[in-house]
Amino acid sequence: MTEARRLHVTGVVQGVGFRPFVARLAEAHRLAGWVRNGPDGVEIHVEGPAATVGAFTAALETEAPPAARIEAIASATALPEGDGAFHIRESRRQTAPTARISPDLPVCDACLREMRDPQARRFGYPYINCTSCGPRFSIVRALPYDRSRTTMAAWPMCRQCAEEYADPGDRRFHAEPVACPQCGPSYRLERGADVEASGAAIRGAAGLLRAGALVAIKGIGGYHLCCDGRNAEAVEALRERKYRKSRPFAVMVKDLEAARMLVDVTEAAASLLTSAARPIVLLPARERLHGVAPDLHELGVMLPYAPVHHLLFEAGAPDVLVMTSANRSSEPIAFDDADARERLAGIADAFLAGEREIARRIDDSVARAGPDGPTLLRRGRGYAPAIVARLPSLQPILAVGADLKNTVTLVVRGQALVSQHIGDLEHLSAREAFHGTITDLLSMYAIEPGQLSVAHDLHPHYASTLHALDLAAAGTLAVQHHRAHVASVLAEREALDVRVIGVAFDGTGYGDDGTIWGGEFFAGSVAGGLERVGSLRPFGLPGGDAAARYPIQAAAGLLKDVERLPDLAAPPFSFPGRYDQARRLAEAGLRTFDTTSAGRLFDAAAAILGFTGAIDFEGQAAVWLESLARRAAPCRPLPFQIADSQIDLRPAIRMMAERRLAGEAEAVLARAFHETVAEAIARMAQGLCDAHGVDTIALSGGTFQNMLLVDRVRAGLSPALRVWTNARVPTNDGGISLGQAAWAAVRA
Ligand code: ZN
Ligand code: ZN
Ligand code: FE
């Protein structure tokens with residue numbers, strides 16, 4: 001008996017070889033019909049014997065291509081169309097697309113084998129790809145995903161490529177970015193007026209890197225600045241030209257074996273390193289690479305993902321390449337060719353420039369391999385723009401995030417799409433990227449600002465807040481920063497009704513009372529609201545904006561009313577004169593602002609233990625302190641007090657100063673400080689759980705990037721309590737937009 005069915009598949013099903021897979025599957029089952037990309041997924045029409053149609057439908061799910069994520073298959077009977085064969089049809093574009101585009105995929109093994117085969121057409125070709133690999137989100141200009149709407153539209157296929165593209169038996173059947181050396185883009189090496197093309201370009205770049213040069217290399221989501229990671233002078237030069245004194249650089253190594261020489265690679269880390277996202281993975285360093293990640297216990301490592309990276313290593317590039325986003329300081333990554341030339345003039349000695357345009361910038365993602373699965377610290381290439389959660393809102397919501405580590409979240413038909421990492425909005429170029437990303441997302445999903453409900457931070461002067469208020473949206477909602485942090489954890493778990501004790505520890509966030517918060521405890525839920533039920537004891541922070549740059553200023557504020565303190569200007573502390581000035585400001589209450597910031601608390605502790613200079617990236621003193629603490633064994637906490645629902649750590653800080661003066665090792669004291677903060681958080685949270693009758697604790701905020709702290713907090717809590725942390729969005733401010741979106745979704 002012949003049956004005809006119309007199937008509608010939703011999820012990540014475009015740009016992952018899904019239509020060719022469907023066509024092959026239908027042919028294997030000898031079914032007739034067609035498949036096409038629709039605005040919100042893939043539509044399939046099949047007809048044939050009823051039993052075969054059933055088997056085909058089941059196999060859709062079980063045999064789907066590796067990069068596909070099927071969310072649902074809706075099925076309905078249809079009228080037979082009587083066509084004897086199976087076809088791939090043109091895409092259908094409607095008014096409001098919601099189909100998901102795949103993240104960018106690393107070059108697959110089949111393509112690598114072909115690229116290394118001297119007999120193959122694509123031998124040594126840096127733009128090789130197929131339906132299971134290659135760029136996606138970074139080349140898409142509009143949905144649905146078709147070559148004509150990607151940056152490959154500029155390269156008409158040659159006859160051979162067109163045949164592969166049209167052949168259902170070929171692995172490039174409907175591979176949208178398909179290309180070859182005859183018809184596709186290539187790479188050039190530009191060094192002053194000198195230009196070399198294709199193979200010579202890559203060999204030339206590898207030679208320059210061996211010789212210690214800095215080379216700008218165009219990848220998938222932007223340009224990297226590269227140099228030999230074992231060449232101290234080259235690394236030094238990169239730091240000088242990029243104005244980066246001590247911010248850690250990530251490295252790319254040839255393969256897992258090479259990674260194992262540099263860092264401890266657990267099984268979980270190996271699978272994260274080789275996963276389709278190919279993120280930078282932070283791992284315990286085994287070998288010290290001079291100047292690459294100064295003073296830190298971890299090193300960020302990634303494996304090659306674009307064909308050009310493999311070709312570089314095969315052409316003899318050094319085994320360890322520093323690969324850092326090509327930009328100055330913390331501006332967004334350069335991705336446009338002309339812009340890269342201009343911004344990197346005077347930084348890069350040469351450009352290895354590819355001709356395929358990048359439609360939008362996407363930084364490398366940064367992740368850790370935790371015991372409960374990967375956690376993301378920066379969401380970018382390989383993850384964006386996947387849906388991270390479903391939220392209960394039918395109205396489109398745009399959440400604009402915070403001003404540091406900005407991301408934005410768009411909720412379309414209840415699906416929350418978190419943008420790639422955008423950066424710190426203090427930079428003009430980052431603000432432009434922020435505006436561009438919003439425009440990009442809205443146009444991709446055909447949403448007008450007037451339809452939107454917009455969520456933003458409570459901070460009245462954030463650039464993100466001002467832009468949100470400028471959007472002419474249907475409505476706006478201010479969400480307090482630390483509530484958004486807690487909400488981001490609950491949003492990931494789609495647990496907006498679950499009552500929790502939320503702990504939000506970070507550097508800076510605007511509080512309900514207009515002071516700077518950052519060490520907060522809440523009780524409640526996203527749906528019912530989060531009441532502030534505790535915090536760190538507030539202290540004065542002297543010196544305004546500079547206070548976040550100089551840990552000794554935080555120390556001056558925190559220690560203002562501590563008696564019997566050793567002389568911090570004398571050894572071993574040797575605080576510079578800035579400390580006394582800050583202390584006088586704090587005592588007079590001049591240019592001094594109240595804060596409960598955990599970040600500034602860690603700054604003060606770091607200052608006491610020897611970090612007396614300026615920081616040059618956010619959180620630097622805290623990661624320095626964690627790395628120091630990891631050199632010492634577990635120990636007992638120092639004294640602290642909890643009174644009036646406030647944690648007072650001044651006794652611990654004073655004892656650290658006394659014990660350091662008495663000659664105790666800084667590492668031991670750093671460890672003791674971690675044990676103390678963890679114990680204080682655990683005791684407070686446990687007490688609040690009992691008082692409010694809840695059994696779940698949600699930890700979020702940049703301070704919880706410190707895994708030593710998180711581990712010790714967990715260890716201090718009763719095993720009967722659940723501890724939830726961020727995994728899919730960063731615990732730092734990169735997760736704020738998701739939390740805001742969740743907050744708005746239950747209030748829109
Ligand atoms: Zn491939
Ligand atoms: Zn071709
Ligand atoms: Fe924050």
Side-chain angles (χ1 to χ4, degrees), residues 15-17 20 65-67 102 104-116 120-122 125 127-136 147 152 155-166 170-186 276 305-307 310 401-407 424 457-459 462 464 479-489 502-511 516-520 548 595-600 618-619 622 699-705 726 729-740:
V16 289
S102 162
D104 300 297
L105 300 169
V107 58
C108 73
D109 290 342
C111 284
L112 277 179
R113 274 196 300 277
E114 191 181 336
M115 189 181 82
R116 289 169 181 153
R121 265 187 344 113
R122 295 185 180 85
Y125 185 52
Y127 284 115
I128 192 167
N129 67 82
C130 71
T131 49
S132 11
C133 76
R136 298 291 186 268
R147 187 184 182 94
M152 281 303 294
W155 313 93
M157 283 182 265
C158 69
R159 189 182 49 80
Q160 276 171 296
C161 284
E163 279 170 14
E164 291 167 338
Y165 183 88
D170 195 279
R171 81 169 206 287
R172 298 202 165 84
F173 182 47
H174 276 265
E176 305 304 341
V178 69
C180 78
Q182 273 65 55
C183 65
S186 72
Y305 50 87
H310 291 275
D403 271 17
L404 285 180
K405 297 186 169 65
N406 179 270
T407 62
D424 297 348
D457 197 273
L458 185 61
H459 199 307
Y462 265 180
S464 53
V479 185
Q480 199 278 323
H481 188 91
H482 301 96
R483 291 186 179 91
H485 269 307
V486 173
S488 73
V489 174
V503 187
F505 272 45
D506 69 355
T508 306
Y510 192 85
I516 300 302
W517 289 6
E520 314 306 317
T595 186
T596 49
S597 164
R600 299 299 82 79
E618 203 223 349
L699 303 178
S700 191
T703 301
F704 294 117
Q705 291 173 108
N726 292 107
V729 297
T731 194
N732 59 45
D733 284 4
I736 287 287
S737 65
L738 178 66
Q740 293 170 343

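Indexing begins at 1, ligand by ligand and atom by atom, following the structure's order. Sequence positions, counted from 1, serve as the residue numbers for this chain.
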Subject >> Name, closest N/O/S atom of Asp733 to the Fe ion (ligand 3) >> reply: OD1

Original post:
Roughly, to 10 degrees, what angle do His481 atom NE2 and Asp506 atom OD2 form around the Fe ion (ligand 3)?
Top reply: 100°

Original post:
Are side-chain N/O atoms of Asp733 and His481 paired as donor and acceptor at under 3.5 Å?
Top reply: yes

Backbone of [Y] reached by a side-chain donor or acceptor of [X] within 3.5 Å:
X	Y	answer
Arg136	Asp104	no
Ser102	Val16	no
Gln740	Gly401	yes
Arg171	Ser132	no

**OP:** Round to 10° and report the angle made at the Zn ion (ligand 1) by SG of Cys111 and SG of Cys108.
**Re:**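 Vertex at the Zn ion (ligand 1): approximately 110°.
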
**OP:** State, to the nearest 10 degrees, the angle whose vertex is the Zn ion (ligand 1) and whose arms point to SG of Cys130 and SG of Cys133.
**Re:** 120°

Subject >> Metal site angle (apex the Zn ion (ligand 2)), SG from Cys161 and SG from Cys183, 10 degrees >> reply: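 SG of Cys161, the Zn ion (ligand 2) and SG of Cys183 span an angle of about 110°.
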
Subject >> Angle subtended at the Zn ion (ligand 2) by SG of Cys158 and SG of Cys180, nearest 10° >> reply: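 Centred on the Zn ion (ligand 2), the SG/SG angle is 100° (to 10°).
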
